[in-house]
Asker: 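Below is the structure I would like to discuss, written out as structure tokens.
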Number of protein chains: 2
Amino acid sequence: MAVAYEQIADDLRRSIRAGELAAGDRLASESKLAEQYRKSVPTVRQALRVLQSEGLIEKLHGRGNFVRRPRTVAKRTNSRHQWEKDRAREPRAKRLKTGATEHDTGLGVQDLVFLASYREIKADDRLAEIFCVPAGSALVERTYRTRYAAESAPFTLVTSYLVRALVEENPDLLDETKEPWPGGTQNQLFTVGIELGRIDEKVTARPPSPEEADELELPPGTSVIVLQKISYDINDRAVEMSDVVLPGDRTEMYFTTPLERW
Amino acid sequence: MAVAYEQIADDLRRSIRAGELAAGDRLASESKLAEQYRKSVPTVRQALRVLQSEGLIEKLHGRGNFVRRPRTVAKRTNSRHQWEKDRAREPRAKRLKTGATEHDTGLGVQDLVFLASYREIKADDRLAEIFCVPAGSALVERTYRTRYAAESAPFTLVTSYLVRALVEENPDLLDETKEPWPGGTQNQLFTVGIELGRIDEKVTARPPSPEEADELELPPGTSVIVLQKISYDINDRAVEMSDVVLPGDRTEMYFTTPLERW
DNA sequence: GAGTGGTCTAGACCACTGT
DNA sequence: CAGTGGTCTAGACCACTCC
């Protein structure tokens with residue numbers, strides 16, 4: 001009944017689940033497996049494709065097929081926003097100690113590696129509409145990569161936008177060498193007199209672009225979670241927007257919604 | 001440079017994007033395509049697999065390969081919770097008119113098809129911990145399927161749990177024929193004297209189980225978004241939990257986080 | 001029954017990895 | 001260089017759909 005490639009996939013899956021093949025182990029070569037199961041190599045490869053799409057194995061050209069190691073789950077909350085706001089007016093010494101990502105993940109600043117780069121761009125139609133500025137207005141585009149010190153792949157790719165005219169009175173906000181900025185974006189905005197009143201987040205999932213799959217080290221078949229965050233000041237003006245790309249296989253997001261009393 | 005199957009995939013992708021192949025059109029048969037591109041059938045099939053994993057085509061055994069129709073995006077917000085709470089004490093006539101899903105999607109009750117079934121279960125360890133009851137306690141398990149009247153696949157699979165002891169004083173709450181219940185779960189809980197104080201939602205993404213892929217009509221390679229919702233009453237007691245499975249390719253979720261003033 | 005996609009074979013050659 | 005996975009061929013046979 002069951003087709004051959006499914007039987008092979010089932011058998012290998014069972015071996016992995018049972019621990020006969022441990023995380024990081026190399027599987028027998030495809031030609032060896034074909035011999036063992038008395039099937040052709042393409043049939044074995046079809047079985048391996050199934051396991052790969054389930055995230056159980058990793059195919060490395062010229063090296064072999066390996067049992068995938070489980071990766072650390074990265075957590076993200078919406079309480080981070082109020083937490084960051086509360087710290088935005090604290091003294092630098094306190095802000096230096098920890099940031100919103102550490103708040104979410106429960107790790108210390110030494111466990112995370114952080115890369116930032118800034119450049120200036122002109123607003124396209126989407127960004128112009130969000131910020132209610134004319135298309136072509138000057139924006140600051142900031143890209144961030146955050147990863148665990150012990151792993152090679154980042155767990156978030158962030159592109160953040162600010163309206164240049166709103167922040168240029170503090171030249172440090174245009175200088176990427178000031179990153180990581182203690183206290184984060186909310187403290188940066190505080191230095192130019194902006195207080196946030198509300199944050200809207202839109203969450204979707206989609207297949208990764210080839211570049212995203214490469215950078216996040218995603219197995220084929222894994223989706224990315226895409227989060228678009230817009231920060232509004234206390235006058236309901238959009239002052240910051242971020243596109244956040246998160247690996248679907250290792251991200252958990254938590255949202256708390258308080259309700260008003262009757 | 002570029003390998004054959006990628007060239008074929010690129011060419012077909014371009015045809016679809018350019019509209020030469022419209023949504024719902026059948027592609028030429030695999031043997032015809034092999035002839036056209038002067039490649040073997042397995043190579044053509046490899047190209048089609050790429051397009052399938054991108055959600056661009058749908059393979060129907062015995063019928064052909066078809067350009068996939070874009071499906072309606074389903075929206076979900078967290079403002080639905082306050083909205084539903086505000087309506088929970090309204091008269092039945094008002095609650096009948098519309099529900100939280102209509103609030104999210106902007107549609108009327110006539111555009112949506114709704115299925116519900118109830119059964120009684122015993123709490124497993126996970127549920128016992130969430131509700132702070134002994135394992136084995138009686139729970140009401142309620143499953144819901146919601147779809148657009150014009151489409152065949154539901155856009156949400158919901159499994160919701162209540163502690164039987166908390167709701168059994170109103171026998172209607174154990175009766176699935178009372179669904180769809182005007183005013184939703186928050187009105188149901190109101191009838192037994194429960195007011196919600198907070199809702200926590202946890203969001204992750206993962207590959208679908210075969211059953212989920214089948215029911216949601218997901219193309220291979222598409223993830224599902226999994227949302228676990230826990231509703232707490234005003235004394236911080238968990239009173240309801242839902243597991244919500246959403247198709248990753250057609251779901252948008254919106255979360256608003258208000259911030260306290262400085 | 002004709003036409004379609006699904007599975008499978010047996011083997012060739014190429015590209016990548018590590019020694 | 002040997003060994004590995006990646007691509008590709010040419011064809012066989014099966015399962016499904018629709019007429």
Side-chain angles (χ1 to χ4, degrees), chain A residues 1-13 15-16 21 24-68 152 210 213-214 217-221, chain B residues 1-13 15-16 21 24-68 152 210 213-214 217-221:
Chain A
M1 186 61 268
V3 291
Y5 78 91
E6 278 174 359
Q7 285 181 348
I8 299 174
D10 286 349
D11 190 56
L12 291 171
R13 196 185 294 109
S15 294
I16 293 171
L21 290 164
D25 281 2
R26 218 205 73 185
L27 275 61
S29 78
E30 300 183 345
S31 49
K32 286 270 185 3
L33 288 172
E35 220 174 287
Q36 283 175 29
Y37 289 106
R38 298 169 178 283
K39 296 289 165 188
S40 71
V41 169
T43 301
V44 167
R45 287 176 56 75
Q46 195 170 356
L48 295 174
R49 204 157 46 224
V50 172
L51 299 179
Q52 185 189 27
S53 79
E54 293 171 355
L56 284 174
I57 66 163
E58 193 170 6
K59 302 180 75 53
L60 295 180
H61 193 171
R63 295 183 51 200
N65 298 301
F66 295 83
V67 180
R68 207 145 187 279
S152 59
D214 184 54
E217 295 175 17
L218 295 177
Chain B
M1 182 63 263
V3 290
Y5 77 91
E6 278 174 359
Q7 285 181 349
I8 299 175
D10 286 349
D11 190 56
L12 291 171
R13 195 185 294 109
S15 294
I16 293 171
L21 290 165
D25 280 3
R26 218 204 73 185
L27 275 62
S29 77
E30 301 183 345
S31 49
K32 287 270 186 0
L33 288 171
E35 218 175 288
Q36 283 175 29
Y37 289 105
R38 299 170 177 284
K39 296 288 165 188
S40 71
V41 169
T43 300
V44 167
R45 287 177 55 76
Q46 194 170 356
L48 295 174
R49 205 158 44 225
V50 171
L51 299 178
Q52 186 189 27
S53 79
E54 293 171 355
L56 284 175
I57 66 162
E58 193 170 6
K59 301 182 74 57
L60 295 180
H61 194 171
R63 294 184 53 199
N65 298 302
F66 295 82
V67 180
R68 209 145 186 278
S152 59
D214 184 53
E217 295 175 17
L218 295 176

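In what follows, every heavy atom counts, from backbone to side chain, and hydrogens, waters and symmetry copies are set aside. The chains referred to below are lettered A, B, ... by the order of the sequence lines, with proteins before strands, and numbering in each begins at 1.
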Asker: So, is Lys59(B) close to the dG6(C) phosphate, meaning a side-chain N or O under 4.0 Å from OP1 or OP2?
Answerer: yes
Asker: When you check the phosphate oxygens OP1 and OP2 of dT4(C), does a side-chain N or O of Asn65(B) lie under 4.0 Å from one of them?
Answerer: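 Checking dT4(C) against Asn65(B), no side-chain N or O comes under 4.0 Å of OP1 or OP2.
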Asker: From the set dT7(C), dT9(C), dC16(D), return the single nucleotide nearest to any side-chain atom of His61(B).
Answerer: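 Of the options given, the side chain of His61(B) lies nearest dC16(D).
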Asker: dG3(D) P sits how many Å from Lys32(A) NZ, rounded?
Answerer: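 For the pair Lys32(A) NZ and dG3(D) P, the rounded distance is 9 Å.
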Asker: Can you list the steps and then say if Leu48(B) with Leu27(B) is a side-chain contact (heavy atoms from CB on, under 4.5 Å)?
Answerer: CA-CA 10 Å; Leu48(B) 295 174; Leu27(B) 275 62; 3.9 Å; yes
Asker: If I take atom OH in residue Tyr37(B) and atom P in nucleotide dT9(D), what distance separates them, rounded to the nearest angstrom?
Answerer: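 Taking atom P of dT9(D) as the reference, OH of Tyr37(B) is at 14 Å.
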Asker: Could you state the CZ-P distance from Arg26(A) to dT17(C), rounded to the nearest angstrom?
Answerer: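 Distance check: Arg26(A) CZ to dT17(C) P gives 15 Å.
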Asker: Grab the CD-P distance between Glu6(A) and dC14(D) for me, whole Å please.
Answerer: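 That distance rounds to 19 Å.
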Asker: Is any side-chain heavy atom of Val50(B) closer than 4.5 Å to a side-chain heavy atom of Ile8(B)?
Answerer: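 They are not in contact (no side-chain heavy atoms under 4.5 Å apart), so the answer is no.
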Asker: dG5(D) phosphate, OP1 or OP2: any side-chain N/O from Arg63(A) under 4.0 angstrom?
Answerer: no
Asker: Would you mind checking if Glu30(B) and Lys59(B) are paired as a salt bridge, meaning a charged N to carboxylate O distance below 4.0 Å?
Answerer: yes
Asker: To the nearest Å, how far apart are Glu30(A) CD and dT17(C) C1'?
Answerer: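 About 15 Å, once rounded to whole Å.
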Asker: Would one find more than 12 heavy atoms of other residues, nucleotides or ligands at under 6.0 Å from atom CD of Glu35(A)?
Answerer: no
Asker: Are more than 12 heavy atoms from other residues, nucleotides or ligands located less than 6.0 Å from atom CD of Gln36(A)?
Answerer: yes
Asker: Which whole-number value in Å describes the distance from Arg45(B) CZ to dA12(D) C1'?
Answerer: 14 Å
Asker: Check whether any side-chain N or O of Thr43(B) sits under 4.0 Å from OP1 or OP2 of dT9(D), and answer yes or no.
Answerer: yes
Asker: Taking atom P of dT4(D) as reference, at what distance in whole Å does atom CG of Leu48(A) sit?
Answerer: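 Nearest whole value for this atom pair: 14 Å.
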Asker: Which is more 5' along DNA chain D, the nucleotide nearest Leu60(B) or the one nearest Lys39(B)? Just name the residue.
Answerer: Lys39(B)
Asker: When we call it a touch if two heavy atoms are under 4.0 Å apart, what does Arg49(A) touch: a base, just sugar-phosphate, or nothing?
Answerer: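 Contact class for Arg49(A): none.
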Asker: I want to confirm an ordering. Mapping Gly62(A) and Pro42(B) to their closest nucleotides on DNA chain C, which one lands closer to the 5' end?
Answerer: Pro42(B)
Asker: Verify the contact: side-chain N or O of Tyr5(B) to OP1 or OP2 of dC8(D), cut-off strictly under 4.0 Å; return yes or no.
Answerer: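 Indeed not, no polar side-chain atom of Tyr5(B) lies that close.
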Asker: Return the value, rounded to whole Å, for the distance between atom CG of Leu33(B) and atom P of dG6(C).
Answerer: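 Whole-Å distance recorded here is 13 Å.
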